[in-house]
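Notes to accompany the following structure.
Values below: all heavy atoms of this structure, side chains included; hydrogens, waters and symmetry mates excluded. Protein chains get the first letters and strands the later ones, always in sequence-line order, with residue 1 at the start of each. Please read all numbers here as calculations on a predicted model, not as lab measurements.
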2 protein chains.
Amino acid sequence: MISLKQIRYFLSVAELGSFTQAAAALFVAQPALSRQIALLEKELGFRLFEREARGVRLTPAGSGYRDRVVAVDGMLSAAADEGAQLASGESGVLRLVHSSSIPAVSLLSAIRQFLVESPNARIDLDRISSETQVTEVAGGKADIGIARLPVLRRDSAVRFVELADEPLLVALSSKHPLTRRASLSLGELRDLPFVSAVHRERGGLARLVTDLCLRRGFVPKLARVVSRKTSMLDLVAAGLGIAVVPQRMSEIAGDGLVYRPLVDADAQARSAMVLPLRASPLARRFADIMGQKKDPATRAG
Amino acid sequence: MISLKQIRYFLSVAELGSFTQAAAALFVAQPALSRQIALLEKELGFRLFEREARGVRLTPAGSGYRDRVVAVDGMLSAAADEGAQLASGESGVLRLVHSSSIPAVSLLSAIRQFLVESPNARIDLDRISSETQVTEVAGGKADIGIARLPVLRRDSAVRFVELADEPLLVALSSKHPLTRRASLSLGELRDLPFVSAVHRERGGLARLVTDLCLRRGFVPKLARVVSRKTSMLDLVAAGLGIAVVPQRMSEIAGDGLVYRPLVDADAQARSAMVLPLRASPLARRFADIMGQKKDPATRAG
DNA sequence: GACTAATCATGCTTTTTTGGAATGGATATA
DNA sequence: TATATCCATTCCAAAAAAGCATGATTAGTC
């Protein structure tokens, strides 16, 4: 079997035109070199060198072989460098998944800082449910998730790092009667139609809101048109119902909408990063940035 | 030192996602495989695989490494194939050198046949003196020479394969008085100016003609304008002198020229192939073709 | 919840490969 | 002719690699 060592030996002999000199340059004895070249020639089935009185010269076949083989060494080094960069987090792709209720724009600040710190890195964003995030991160399909708590599905391969709480707001159509109120309580929403917040089996924002309502003795009433996507705020603006959303979401959609704070102390939305136990360097870096941003928010809120 | 074996092992594990399966596919024991991968990882300085319960998975770094390294195997095979083709004479370049008095057109038939037999081969033609041919063929700068005899320089690294003799003709301007004669003898050229044929120290056609004249007791008289290139026939046509040339040369220049045979029995031009002792396959093939063509010519002439 | 099966890692021994020193053979140089 | 140079060969020792047996961990199962 041809070895890289043989090829390196061959290139050295070809360059220097002499077994003796090449052996000196390679810090091996000349007979060892002779034998490796002989083995290589035997393996290839043709002679690489013409042996002459003062040194050797490449045969045409040897010359052609050299032209093709000379790049291999460089390719291997390049591959090793590439791998080292990826391993160190100097370059690579961060596959970031996030919940609908944590829109990408609310992550923009962290993303920008991340891209500045890692100029050779890329980010692939994907918006998927909090539950799926656990599966994808555990399965290695995603590097980090930003999920809305509670998350029901657990996996020993992932851990959660909680982020700052943020207050929940009531989103109302600007024409809604309750907009006259400066603040609201959850109990007052008992008979109002929700355009979101539903399945008890699922986690995320819907689960959170449902639980808060249950704690106050009622099941949130569903509007006739219901959505679980960001566009639910459009339904609210259209007057089809109300929604309880985290503060962040109020930052991205305003036309025709009015937000009112909830006086309830427990009306807080919780979120967390979903990380694999052995996070990639890029994921670690992003998590660090998110962690830095968490504290000021926590203190502030 | 990273070895090709390690890389082949790595690619197999990466493809199958399992040490056990890869070991089976490679016909080695699983521990041997484990160790080689471990060594490779240590050498590279980063982990290639995430070890998981049911098999392994490439790390991002391992994936990048694989993408770059996967071509290496193919490159080495391609290089070996290229070399084998060159060694077998299936492809390559035949560096053919020839004397001025054996113009390329007179070799066209052999060249055509050669190119048909070796469709992937190329020919580099060069016109150099017979003496230089010996040096270049001996020094490996040319693969085969077609020389006009006699060749004075000898070299133990080359051998000569004589080709068919061909009659010498006298080239005259079409206005020359001697054109009235159907044939001539060398002795009749005693006082006529030669536009070529000169240096006694050199070989080739010039040497041959000079020797023939000397054998008849005179030194050929030089014309006032002398050339050693093919264009000497232009000088003859212009009436500046006469020339004694092999029959082949009469086939390539006719305007304003008349050729007359020499009655002298020894007025024969000899030529030979100059071959290295260990000729390349392409040179051997070309020599074979030339050899085939020699015999009919010999019989005919 | 213990058991089984599967997978990769480790320790030890044997085989294979590789390298080094001495030597031989061929060839150019003085 | 003698000498120096260069590559090939032989023999022996060292290093590397493979195989076998076994350990450790984890997923799936009853």
Side-chain angles (χ1 to χ4, degrees), chain A residues 1-10 12-43 47-59 62 134-135 138-140 153-159 276-278, chain B residues 1-10 12-43 47-59 62 135 138-140 153-158 276-278:
Chain A
M1 186 183 282
I2 291 173
S3 71
L4 277 182
K5 183 167 48 181
Q6 289 171 343
I7 288 174
R8 297 206 181 95
Y9 283 9
F10 162 65
S12 184
V13 175
E15 187 186 350
L16 297 171
S18 156
F19 279 63
T20 311
Q21 285 178 250
L26 294 165
F27 299 104
V28 295
Q30 170 263 316
L33 189 52
S34 281
R35 208 161 4 145
Q36 288 305 323
I37 299 295
L39 283 174
L40 180 58
E41 288 178 325
K42 186 179 172 189
E43 190 102 30
R47 288 195 89 63
L48 294 165
F49 296 103
E50 294 291 349
R51 274 70 168 177
E52 304 190 338
R54 45 192 322 102
V56 294
R57 197 182 53 207
L58 281 168
T59 60
V134 175
T135 312
R153 188 174 309 170
R154 294 283 151 157
D155 191 303
S156 62
V158 308
R159 64 194 175 92
L277 286 191
R278 303 204 294 146
Chain B
M1 184 184 282
I2 291 173
S3 71
L4 277 182
K5 183 166 47 179
Q6 289 170 343
I7 288 175
R8 296 203 183 98
Y9 283 9
F10 161 65
S12 185
V13 175
E15 188 185 350
L16 297 171
S18 155
F19 279 65
T20 310
Q21 285 179 249
L26 294 164
F27 299 104
V28 294
Q30 170 265 316
L33 189 52
S34 281
R35 221 159 349 155
Q36 288 305 320
I37 298 295
L39 284 173
L40 179 58
E41 288 178 325
K42 186 178 172 189
E43 191 103 27
R47 287 194 90 63
L48 294 166
F49 296 104
E50 294 290 349
R51 274 70 168 177
E52 304 191 337
R54 45 192 321 102
V56 294
R57 198 182 53 205
L58 280 169
T59 61
T135 312
R153 187 173 314 169
R154 294 284 153 155
D155 191 302
S156 61
V158 308
L277 287 191
R278 301 204 297 146

Query - Test side-chain contact (heavy atoms from CB on, under 4.5 Å) applied to L39(A) - qualifying residues, sequence neighbours left out - result: Q6(A), Q36(A)

Report summary line: Rounded to whole Å, the CZ-C1' distance (F19(B) to dT26(D)) equals 16 Å

Report summary line: Sequence neighbours excluded, the answer for side-chain contact (heavy atoms from CB on, under 4.5 Å) partners of A157(A) is A138(A), D155(A)

Report summary line: d(E50(B) CD, T59(B) OG1) to nearest 0.5 Å is 6.5 Å

Report task. Using atom CZ of R47(A) as one end and atom C1' of dC7(D) as the other, report the distance to the nearest whole Å. Result -> 11 Å

Query raised in the report: CD of E52(B) versus P of dA6(C): gap in Å, rounded?
Result: 19 Å

Query raised in the report: Does a side-chain N or O from S34(A) land closer than 4.0 Å to OP1 or OP2 of dT9(D), or not?
Result: no

Requested in this report: State whether S18(B) places a side-chain N or O below 4.0 Å from either non-bridging phosphate oxygen (OP1 or OP2) of dT7(C).
Outcome: no

Kindly give the atom pairs (protein nitrogen or oxygen, nucleotide nitrogen or oxygen) under 3.5 Å for nucleotides 14-21 of chain D.
{"unit_1": "dA17(D)", "atom_1": "O3'", "unit_2": "K5(B)", "atom_2": "NZ", "d": "3.4"}
{"unit_1": "dA18(D)", "atom_1": "OP1", "unit_2": "Y9(B)", "atom_2": "OH", "d": "2.8"}
{"unit_1": "dA18(D)", "atom_1": "OP2", "unit_2": "Q36(B)", "atom_2": "NE2", "d": "3.3"}
{"unit_1": "dG19(D)", "atom_1": "OP2", "unit_2": "A29(B)", "atom_2": "N", "d": "2.6"}
{"unit_1": "dG19(D)", "atom_1": "O6", "unit_2": "R35(B)", "atom_2": "NH2", "d": "3.1"}

Query raised in the report: L16(B) CG to dT7(C) P: how many Å, rounded?
Result: 12 Å

Query raised in the report: Separation of R8(A) atom CZ from dG19(C) atom P, in whole Å?
Result: 12 Å

Query - For atom CD of E43(A) and atom P of dT18(C), their distance in whole Å - result: 10 Å

Report task. Salt-bridge test for R278(B) and E52(A): reply yes if a basic N is under 4.0 Å from a carboxylate O, no otherwise. Result -> no

Report task. Would you sort out whether R51(B) and E41(B) count as a salt bridge (charged side-chain N to carboxylate O under 4.0 Å, His left out), showing the intermediate values? Result -> CA-CA 13 Å; R51(B) 274 70 168 177; E41(B) 288 178 325; 2.9 Å; yes

Report summary line: In whole angstroms, the gap separating P of dC8(C) from CD of Q21(B) amounts to 8 Å

Report task. Check whether any side-chain N or O of R51(B) sits under 4.0 Å from OP1 or OP2 of dA9(C), and answer yes or no. Result -> yes

**Report entry** Note, F10(A) side chain near L58(A) side chain (heavy atom, < 4.5 Å)
**Finding:** yes

Report task. Would you mind reading off the distance between I2(A) atom CD1 and dT17(C) atom C1', rounded to a whole angstrom? Result -> 17 Å

